Amino acid sequence: MPIAVIDFETTGSSPGQGARATEIAAVLVDDGRIVGQYQSLIHTGVWVPPFIEQLTGISNAMLADAPPAAQVMREVLAFTAGCPLVAHNAAFDRAFWRAEALLACEGDATATSAVDASFACTVRLSRRLFPQAPNHRLGTLAAWHRLPDAGRAHRALADATVTAHLLLRLQQALAERLGHAGPGAIDHALLCQVQTWPVAAVDKALARHIQSCRTSAG
DNA sequence: TGCCAGGCCCTCTTTAGGGCCTT
C-alpha cells in the first residue's frame, strides 16, 4: 500500500476561521520511490488575500475557472483511497483535509474515512531523526538534504513532491538506524510510532524498538 | 473587504508562556 503525501494551499491558516483550500496535491510513495501524483486548483468562491496571492502565486483570477472543491476532493479521495497519509506540519493539512472532505462528501462513508485518516508528520519526524538540521521548515530541509528541485515553493505539487523526497530520507535514516534493508521497509505505522517518541530520548526509544522486535521474532 | 489559528515542543514547566511550522 503506498503512502500518500498531501499538501494544501489555502486562503488562510485555519478552516475554523473560514479559510478554504485553493490547491491540493497528493504524491504517492511506495517501496522507496515516487509512484504517482495528483494536483488540482480548487474553486470555493472564497477571496484569496494579497499576502497569500504573493506567497503562493495562486490568484483569485486563476481560481475563477478551477473545478469546484467537491469535485476535486472526491477525485483526490479516490486517488488516495486506502492510503495512509503524510504531510509537512500535518496538523495544518489534516485540518483542511477533514474540513474539505466533510464539505465535499457530507453524510457519506467517504467523508467518515477521510476524517478518521491518520497523518504522519515530517516536521515531527525530522525533529527526532535530524535534530542537527538548522530548522525544520520545508525549504530549509530541502536545501540541507539537497533534495531534488520540484519547482516553485508554496505550490501544492512542488511542496508535496519535496515532502515526498523528505519522507524517503526519513525512511532511509530510520532504516539504517534499525538495520533494515531500505526506506521501503519503514511503514506508516512505524512512522506514526516514531513521531510520538520523546525528542530528547530517540536513541533510547530506537534501542527499545530494536529489542522488542528481537523479542517478538523469538 | 480584510483579519489572523492551532497543534507541537521546550523550559527559567505542569495552576504557563513562548517559539516553531503551515497558508
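Just the heavy atoms: all of them, side chains too, but no hydrogens, waters or symmetry mates, feed the values below. Just so it is clear, the model here is predicted, and its values are computed rather than measured. Order of the sequence lines fixes the chain letters, A, B, ..., with proteins taken first and strands second; residue numbering starts at 1 for each chain.
Take A/R74 and apply the salt bridge (charged side-chain N to carboxylate O under 4.0 Å, His left out) test, not counting sequence neighbours, and it matches A/D108. In this structure A/H188 satisfies the ring pair (Phe, Tyr, Trp, His ring centres under 6.0 Å) test with no other residue, sequence neighbours excluded.
As judged by a 4.0 angstrom heavy-atom cut-off over every strand, A/F8 is placed among residues touching the sugar-phosphate backbone only. In this structure, A/T56 reaches the sugar-phosphate backbone alone: every heavy-atom distance under 4.0 Å involves primed, P, OP1 or OP2 atoms, never a base. Residue A/D7 is classed as a sugar-phosphate contact, given heavy-atom separations below 4.0 Å to backbone atoms only.
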Could I get a table of every N or O pair under 3.5 Å where one atom is in the protein and the other is in nucleotides 6-8 of chain B?
from  : atom 1 : to     : atom 2 : distance (Å)
B/dC8 : O3'    : A/R124 : NE     : 3.4

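Nearest-nucleotide positions on DNA chain B for A/D159 and A/V46 put A/V46 closer to the 5' end. Nucleotides of DNA chain B nearest to A/V123 and A/A200 differ in position, and the one nearer the 5' end is that of A/A200.
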Anything under 3.5 Å between a donor and an acceptor, one on a side chain of residues 191-199 of chain A, the other on a protein residue two or more places apart or in another chain? List them.
from   : atom 1 : to     : atom 2 : distance (Å)
A/Q195 : OE1    : A/C121 : N      : 2.7
A/Q195 : NE2    : A/F119 : O      : 3.4
A/T196 : OG1    : A/Q193 : O      : 2.7

Pairs of donor and acceptor atoms involving the side chains of residues 173-186 of chain A, under 3.5 Å and at least two apart or interchain, shall be tabulated with distances.
from   : atom 1 : to     : atom 2 : distance (Å)
A/E176 : OE2    : A/Q172 : NE2    : 2.9
A/R177 : NH2    : A/D203 : OD1    : 2.4

Scan the side chains in residues 30-41 of chain A for donor-acceptor partners under 3.5 Å anywhere in the protein, sequence neighbours excluded, and list what turns up.
from  : atom 1 : to    : atom 2 : distance (Å)
A/Y38 : OH     : A/E75 : OE1    : 2.7
A/Q39 : NE2    : A/E23 : OE2    : 2.7

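Nucleotides B/dT1 and B/dT23 are separated by 26 Å at their P atoms, to the nearest Å. Of the P atoms belonging to B/dT13 and B/dG17, the separation is 12 Å, rounded to the nearest Å.
Between the P atom of B/dC9 and the NE2 atom of A/H136 lies a distance of 11 Å, rounded to the nearest Å. Rounded to whole Å, the distance from CD on A/E9 to P on B/dT22 is 11 Å.
For A/H88 and B/dC21, the shortest distance from a side-chain N or O to OP1 or OP2 is not below 4.0 Å.
A/D7 places no side-chain N or O within donor-acceptor distance of the main-chain N or O of A/A25, the cut-off being under 3.5 Å.
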